[in-house]
Amino acid sequence: MTQPAPSMLIADDSSLQLNHAVELCVQCGCQVIWQAMNGEEVLALLQSLPEKPDILLTDLEMPGMDGVELLRHMAESNQFMPIVFMSSTDEQVLHAVEAAAAAYGFPVLGTLQKPMKLEGLSRALERFHILNKPQMAPPPPIDEADLHKALANDEFVPWFQPKVTTRSGLFQSAEVLARWEHPELGMIAPVYFIGLLERAGLIGRMTDQIMAKAIRETKLLYARGLRFGLAVNISAENLPEPGFAERIKNLLAQESFSPTQMTLEITESGVMADLARSLGALARLRMAGVGISIDDYGTGNATLQQLMRTPCSELKIDRAFVNGASRRPQLRTLLESTVDMAHRLKLTVVAEGVEDAEDWKLVQELGVELVQGFFVARPMPPDKIHEWVRNRHEWLHLWGKIQNL
């Protein structure tokens, strides 16, 4: 079902640019459009209109009250709404204003350079529709007793999200993600139980169960002709525990799974929780052949010195530095420098959050080895992997033909 186009309030002191913005909004299907020449007019309209507009599309450089000052006044009067910025000013200034708006509490749909293009406005409106999808269901009624029961009944199960090579697009490894098959509540997403497990001191038991199950599922797929590695997230709560490295090595031995096919994903801040024990455990695991990946790189508090002394074999760049980098030169520069640094440190680079063909082409161009994201595949049960691989081979064949047109 097609969603109705949002109503727009457009602010620009240039009649030419204002008319251009109105025309693009009309092309996007918008039928209710209000216009203002500066910030004061925007505030006056917001006070007088019978219904608040769905989106504010505003210039930054306007006489009287500019777009930055307008943000402050709207926040102080509790006039929050999704915003799209448009300006011909420096891109770094645009991103600074975007960050300021987000800090105030405004949903920012996009920052567009003038002259605006239809493609950019369309993407901003797509984000609006995503923002207005039905909200996540309320948390399920679970407590610590339910967690103990779930662990005893073996209710936590692994799902796989594939990672593929940028060189060939072929399946190389899978991140293992936890799901809870609750007998009454159905499938429960990890956002509802990971934090609860950590607070209850049970995250290690769950991780061991998930890892063992994932290995068994992977060996079944090996028997069907597939060959790929696994990556398992390790909680900062467990990494410094005495005996952690030995526990992982024993589990791999018991399941007859090669350590070289296993990668542990850890966060930068997780290593810092207890530096001596954490580094000792990681060193022992690397000596055993287990891969170590720094997860969500760029969002933690690690310094380059801390990165240098962590015995990692892989750097996984956070989606915040990947998604949309093909359209934002400043973000592209940060991504490019991070990839270059990782390669100089002899690390494999994984880019997560690749969600469209443009970002795929960019990370491929920059030399990123592995890609993960919705453009590749969403998380799925292990029994769906074989079908996904078969379909992906067909997709790669078609993609190759399209690329050669």
Side-chain angles (χ1 to χ4, degrees), residues 123 159-177 218 221 225-233 260-266 268 291-299 307 312-380 384-405:
R123 280 198 296 265
W159 278 32
F160 291 171
Q161 185 171 24
K163 304 175 189 179
V164 301
T165 64
T166 55
R167 177 171 295 183
S168 63
L170 295 177
F171 179 37
Q172 181 159 315
S173 65
E175 180 177 0
V176 179
L177 302 168
T218 300
L221 290 166
L226 295 182
R227 194 73 182 175
F228 59 96
L230 291 177
V232 176
N233 290 282
T260 60
Q261 291 295 96
M262 175 62 68
T263 296
L264 303 184
E265 295 190 0
I266 59 173
E268 302 169 59
I292 304 297
S293 177
I294 298 291
D295 196 11
D296 298 334
Y297 183 77
T299 62
L307 177 62
C312 52
S313 53
E314 179 182 282
L315 195 67
K316 192 172 184 182
I317 303 175
D318 187 77
R319 63 183 298 109
F321 294 89
V322 176
N323 187 246
S326 59
R327 299 179 290 276
R328 294 175 57 179
Q330 188 181 27
L331 201 55
R332 175 185 174 130
T333 299
L334 292 172
L335 177 61
E336 187 172 3
S337 63
T338 302
V339 173
D340 181 64
M341 176 200 68
H343 285 161
R344 289 176 182 271
L345 294 175
K346 310 300 183 185
L347 302 177
T348 299
V349 181
V350 180
E352 61 178 343
V354 174
E355 296 186 0
D356 56 40
E358 288 75 20
D359 288 340
W360 168 279
K361 290 175 184 176
L362 174 60
V363 297
Q364 186 181 51
E365 177 187 327
L366 296 180
V368 171
E369 287 86 359
L370 293 172
V371 167
Q372 180 179 353
F374 288 174
F375 185 70
V376 174
R378 293 175 180 270
M380 65 189 77
K384 298 294 183 183
I385 286 288
H386 200 275
E387 179 184 358
W388 172 81
V389 170
R390 184 176 65 251
N391 292 338
R392 181 157 185 83
H393 285 163
E394 296 174 0
W395 181 89
L396 286 171
H397 180 67
L398 176 61
W399 176 257
K401 285 186 175 181
I402 293 172
Q403 295 295 90
N404 292 325
L405 289 178

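Residues I385 and M380 form a side-chain contact, since some pair of their non-hydrogen atoms from C-beta on lies under 4.5 Å apart. Looking at E387 and K384, their side chains come closer than 4.5 Å, going by heavy atoms from C-beta outward. Side-chain contact check for V376 versus W388: some heavy-atom pair is nearer than 4.5 Å. With contacts defined as side-chain heavy-atom distances shorter than 4.5 Å, the pair T338/Y297 qualifies. Side-chain contact between V164 and R392 is present, with at least one heavy-atom pair separated by less than 4.5 Å.
The two residues G169 and W360 have their closest heavy-atom pair at CA-CH2, 4.0 Å. In terms of heavy-atom proximity, A325 sits nearest to L335 at CB-CD2, 4.0 Å. Taking all atoms of both residues into account, the shortest heavy-atom contact from G324 to D359 is N-OD2, 2.8 Å. Heavy-atom minimum distance, G353 versus N323: O-ND2, 3.4 Å. The heavy-atom pair separating L315 from A342 by the smallest distance is CD2-CB, 3.7 Å. Between S313 and G291 the shortest heavy-atom distance is OG-CA, 3.5 Å.
Rounded to the nearest 0.5 Å, atoms CD (Q372) and CD1 (I317) are 12.5 Å apart. Remark: L366 CG to H343 NE2 distance equals 9.5 Å, nearest 0.5 Å. Of the inter-residue distances, the one linking L177 atom CG with R378 atom CZ reads 13.0 Å to the nearest 0.5 angstrom. L362 CG to D356 CG: the interatomic distance, rounded to the nearest 0.5 Å, is 10.0 Å.
K163 meets the side-chain hydrogen bond (donor to acceptor under 3.5 Å, both in side chains) test with E265; sequence neighbours excluded. R344 is linked by a salt bridge (Lys or Arg N to Asp or Glu O under 4.0 Å) to D340, counting only residues two or more places apart in sequence or in another chain. Applying the salt bridge (Lys or Arg N to Asp or Glu O under 4.0 Å) rule to E369 yields no partners; only residues at least two apart in sequence or on another chain are considered. Partners of E365 under the side-chain hydrogen bond (donor to acceptor under 3.5 Å, both in side chains) rule, at least two apart in sequence or in another chain, are R332. Under the ring pair (Phe, Tyr, Trp, His ring centres under 6.0 Å) criterion, W159 pairs with no residue, sequence neighbours left out. Take T218 and apply the side-chain contact (heavy atoms from CB on, under 4.5 Å) test, not counting sequence neighbours, and it matches F160, Y222, F228, L230, F257. For E355, the salt bridge (Lys or Arg N to Asp or Glu O under 4.0 Å) test picks out R319, with sequence neighbours left out. Listed by chain and number, the residues in a side-chain hydrogen bond (donor to acceptor under 3.5 Å, both in side chains) with T260 are S258 (sequence neighbours excluded). Scanning for side-chain hydrogen bond (donor to acceptor under 3.5 Å, both in side chains) contacts around E352 gives an empty result, with sequence neighbours left out.
No hydrogens or angles considered: a donor-acceptor pair under 3.5 Å links the side chains of E314 and S293.
Each of L264, I266, N233 was checked for a side-chain contact (heavy atoms from CB on, under 4.5 Å) with D295, and the lone residue meeting it is N233. Across V322, L370, V363, V368, a single residue satisfies side-chain contact (heavy atoms from CB on, under 4.5 Å) together with V350, and that is L370.
Under the 3.5 Å distance criterion, the side-chain polar atoms of R227 are left unmatched by any main-chain donor or acceptor of L221.
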